[in-house]
Amino acid sequence: MFVPDVHEFMLVSFVFLAAGGVKGVLGMGLPTVAMGLLGLMMPVAEGAALLVLPALVTNLWQMSRGGHLRALLKRLWPMMAGVCLGVWLGRGWMATPGGHAMLWLGLSLVAYALAMLAGLRLPPPRPKREAGLSGLIGTLTGLLTAATGVFVLPAVPWLQALGLKKDELTQALGLSFTVSTLALAGALAGSRHLNADSAAQSLLMLLPAMLGMWLGQNLRDDLSQDGFRACFLGGLLVLGGWLVWQGW
């Protein structure tokens, strides 16, 4: 288990402050930024265990901020069930080196952000097919979560394809990421990477993550719908590029 000295503790705290700030602005990015940087210091599974409580609390905070939760739960429950299934199916992958998975995840994020900036986007699903497709998207997201500790693809493009507005999208992301975090925590506990020691260290990272998220949310509240879209896609591009660099 990773046990930091004072210098390492300050460094990891700054990682979570920065990751929380990104999440506050974009509604996502805490695990992507944190895992990309923590991967320089520790194995994927140990970094993911450190991430659990900051990710869970900030996602619950994001999920509860807005008035759309009941409608989103009714609409997105097949996706949430699929996430749990996917993490369970891929629960053994995190013990293996994740560089290639990070590389392909980053390339996919870059390609998606560039396509959206060029005016291309996934077509909205037909109402009769949405539930089935939502379950499939959730399962694929769960598999990638199990491999990388990052729960971005293909959940984010799918939620954007549903035509959700700024506040709905950020709350839907919070819901998706909360379920992904809980499923990931269960898998890590089963593999004994999440235990009393790692949970205590994860708890220490809550304060910098929440401070960063609060600062980022204040910035997001001042953005227009178009400004939020530009920041969102630009953030995806940067996050994807970071993962490509990490996995190369």
Checklist line | Donor-acceptor under 3.5 Å (T145 side chain, S180 main chain) | finding: no
Margin query: Using side-chain heavy atoms (C-beta onward) and a distance below 4.5 Å, is L30 in contact with L51?
Written below: yes
Notebook entry, point to check: Are L169 and L73 co-members of a hydrophobic cluster defined by side-chain heavy atoms under 4.5 Å apart?
Noted result: yes
Notebook entry, point to check: Does any N or O in the side chain of Q62 come within less than 3.5 Å of the main-chain N or O of Q171, such that one atom is a donor and the other an acceptor?
Noted result: no
Notebook entry, point to check: Could you walk me through whether W77 and V179 pass the side-chain contact (heavy atoms from CB on, under 4.5 Å) check?
Noted result: CA-CA 10 Å; W77 72 263; V179 173; over 6 Å; no
Next item on the list: Quick one: pull up CG in L56 and CG in L60 and give me the separation to the nearest 0.5 Å.
Entry: 4.5 Å
Checklist line | Non-hydrogen side-chain atoms of L162 and R75 separated by less than 4.5 Å | finding: yes
Check: Are W158 and E130 close enough that some pair of their side-chain heavy atoms sits under 4.5 Å apart?
Finding: yes
Notebook entry, point to check: How close do P78 and A131 get, heavy atom to heavy atom, and via which atoms?
Noted result: CB-O, 3.4 Å
Check: How many angstroms lie between CZ in F16 and NZ in K23, if you round to the nearest 0.5 Å?
Finding: 12.5 Å
Margin query: How close do P154 and P157 get, counting heavy atoms only, and between which atoms?
Written below: O-CD, 3.3 Å
Next item on the list: Establish whether M210 and M10 are linked, either directly or via other cluster members, by ILVMFWY side-chain heavy-atom contacts under 4.5 Å.
Entry: no
Margin query: Between I137 and T141, is the side-chain contact (heavy atoms from CB on, under 4.5 Å) condition met? List the steps.
Written below: CA-CA 6 Å; I137 293 295; T141 300; 4.2 Å; yes
Checklist line | Among N218, T58, L17, side-chain contact (heavy atoms from CB on, under 4.5 Å) partner for M213 | finding: T58
Checklist line | Residues, nucleotides or ligands: over 12 heavy atoms within 6.0 Å of W61 CH2 | finding: yes
Check: At their closest point, which heavy atom of A146 faces which heavy atom of G90, and how far apart are they?
Finding: CB-O, 3.0 Å
Checklist line | Joint cluster assignment, M80 & L133, ILVMFWY side-chain distance < 4.5 Å | finding: yes
Check: Is there a chain of hydrophobic side chains (I, L, V, M, F, W, Y, each step under 4.5 Å between heavy atoms) that links L175 to V57?
Finding: no
Notebook entry, point to check: Which atom names give the shortest non-hydrogen contact between P208 and S13, and what distance separates them?
Noted result: CB-O, 3.4 Å
Notebook entry, point to check: Is the backbone of A172 close enough, under 3.5 Å, to the side chain of S176 for a donor and an acceptor to pair up by distance?
Noted result: no
Next item on the list: Measure the spacing between CG of L136 and CE of M79 and express it to the nearest 0.5 Å.
Entry: 11.0 Å
Next item on the list: Go through the steps for L159 and L76 under the test side-chain contact (heavy atoms from CB on, under 4.5 Å), then give the verdict.
Entry: CA-CA 9 Å; L159 292 174; L76 298 176; 3.8 Å; yes
Check: How far apart are the closest heavy atoms of M63 and G174, and which atoms are they?
Finding: CB-C, 3.9 Å
Check: Are L215 and V25 connected in the hydrophobic side-chain network, where two residues link if heavy atoms are under 4.5 Å apart?
Finding: no
Notebook entry, point to check: Under 4.5 Å between any side-chain heavy atoms of T139 and V83, yes or no?
Noted result: no
Margin query: Determine whether a donor-acceptor pair (N or O, by modelled atom type, separation under 3.5 Å) exists between the side chain of S202 and the backbone of L53.
Written below: yes
